[in-house]
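Before any comments, here is the structure.
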Amino acid sequence: MANWMSEPAQKFMVETLLFLVGLLVTFGLPWLVWRWLRSGRPSITPLPIIDDGDGRKIVPLIATFNGLRSLPWIGLASNNLNPKLVIGSDGITYRIAGLRFRRWDEIIQVDVRSAGSTVNLSFAFRDSLLTFDANVGSTMLAAQTLALLPDHIALTDRARSLLAEKGRCQIAFPADAPRP
């Protein structure tokens, strides 16, 4: 049987293959372990929603960002330093790059998307292709936040399912607290 590759070429191929396997083990394996550790299930013990004293509810967030309606996991601008979502009787106030206010009639629908330890509430607006997305970090906090929204706000099937799953009656708010 004829040898189609010279001995130096064979040696080069073996050394190259061993080098690539070494790179994979040195950098790839720790990265995979890091990803595995960070992709835990969403937290079930969120920080509480706070009443600001004026009837508005301040939702604790991990981060906020603008997304595209058609590509919800693509963030165009983000804020994880000082994110903000405040739910009031007349609409929501939020911060990504700057503080913005949106009335309830400007909101088309609210969606919930989750992957790993990320649980995002996505607000779609009538006059924009951009969405406001808030990472609340837990399905329980997402359900509590959805329960604060007025009944006329459209929820996607995922959002309705989460709200039904967590149950409106299980969401702990004071009985005398006004609903926006």
Tell me the closest heavy-atom pair linking [X] and [Y], and the distance in Å.
X: Gly137; Y: Ile62; result: CA-CD1, 3.4 Å
X: Val86; Y: Arg56; result: CG1-CB, 3.6 Å
X: Leu61; Y: Ala134; result: CD2-CB, 3.7 Å
X: Gly91; Y: Trp104; result: N-NE1, 3.1 Å
X: Val110; Y: Ile153; result: CG2-CG2, 3.7 Å
X: Leu141; Y: Pro60; result: CD2-O, 3.3 Å

Any side-chain heavy atom of [X] within less than 4.5 Å of one from [Y]?
X: Phe125; Y: Leu130; answer: no
X: Thr145; Y: Leu85; answer: yes
X: Leu148; Y: Ile49; answer: yes

Worksheet item: Is a side-chain donor-acceptor pair under 3.5 Å present for Asp133 with Thr131?
Response: yes
Worksheet item: Does any donor atom in the side chain of Thr156 or Asp111 lie under 3.5 Å from an acceptor atom in the other side chain?
Response: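 Short answer, yes.
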Residue list, salt bridge (charged side-chain N to carboxylate O under 4.0 Å, His left out) with [X], at least two apart or on another chain:
X: Arg95; answer: none
X: Arg69; answer: none
X: Arg160; answer: Asp157

Please round to the nearest 0.5 Å and tell me the distance separating atom [atom1] of [X] and atom [atom2] of [Y].
X: Ile107; Y: Gln109; atom1: CD1; atom2: CD; value: 11.0 Å
X: Arg100; Y: Lys84; atom1: CZ; atom2: NZ; value: 15.5 Å
X: Leu76; Y: Asn66; atom1: CG; atom2: CG; value: 6.5 Å

Worksheet item: Do Asn79 side-chain atoms and Leu81 backbone N/O form a donor-acceptor pair below 3.5 Å?
Response: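 Confirmed, Asn79 side chain pairs with Leu81 backbone.
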Discussion item. Before you tell me yes or no, could you show the steps for Asp90 and Arg102 under salt bridge (Lys or Arg N to Asp or Glu O under 4.0 Å), namely the whole-Å CA-CA distance, both residues' side-chain angles and the distance that decides it to 0.1 Å?
Written reply: CA-CA 8 Å; Asp90 50 352; Arg102 292 291 193 141; over 6 Å; no
Worksheet item: Among all residues two or more places apart in sequence or in another chain, which pass the side-chain hydrogen bond (donor to acceptor under 3.5 Å, both in side chains) test with Gln10?
Response: Asn3
Fill in: Results of ring pair (Phe, Tyr, Trp, His ring centres under 6.0 Å) for Phe123 - residues two or more places apart only
Phe132
Discussion item. Do the side chains of Asp52 and Lys57 get close enough for a salt bridge, i.e. N-O under 4.0 angstrom?
Written reply: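 Looking at Asp52 and Lys57, the cut-off is not met.
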Any link between [X] and [Y] through a network of hydrophobic side chains (Ile, Leu, Val, Met, Phe, Trp, Tyr) touching at under 4.5 Å?
X: Ile96; Y: Val119; answer: yes
X: Leu163; Y: Ile92; answer: yes
X: Leu121; Y: Ile58; answer: no

Worksheet item: What do the steps show when you test Leu146 against Leu155 for side-chain contact (heavy atoms from CB on, under 4.5 Å), and what is the final call?
Response: CA-CA 9 Å; Leu146 290 172; Leu155 301 177; 3.9 Å; yes
Discussion item. With a sphere of 6.0 Å drawn around CG of Leu68, does it hold more than 12 non-hydrogen atoms of other residues, nucleotides or ligands?
Written reply: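 Atom CG in Leu68 is packed in, count exceeds 12.
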Using atom types as modelled, flag every donor-acceptor pair under 3.5 Å from a side chain in residues 13-29 to any protein atom, sequence neighbours excluded.
residue : atom : partner : partner atom : Å
Thr16   : OG1  : Phe12   : O            : 2.8
Thr26   : OG1  : Gly22   : O            : 2.7

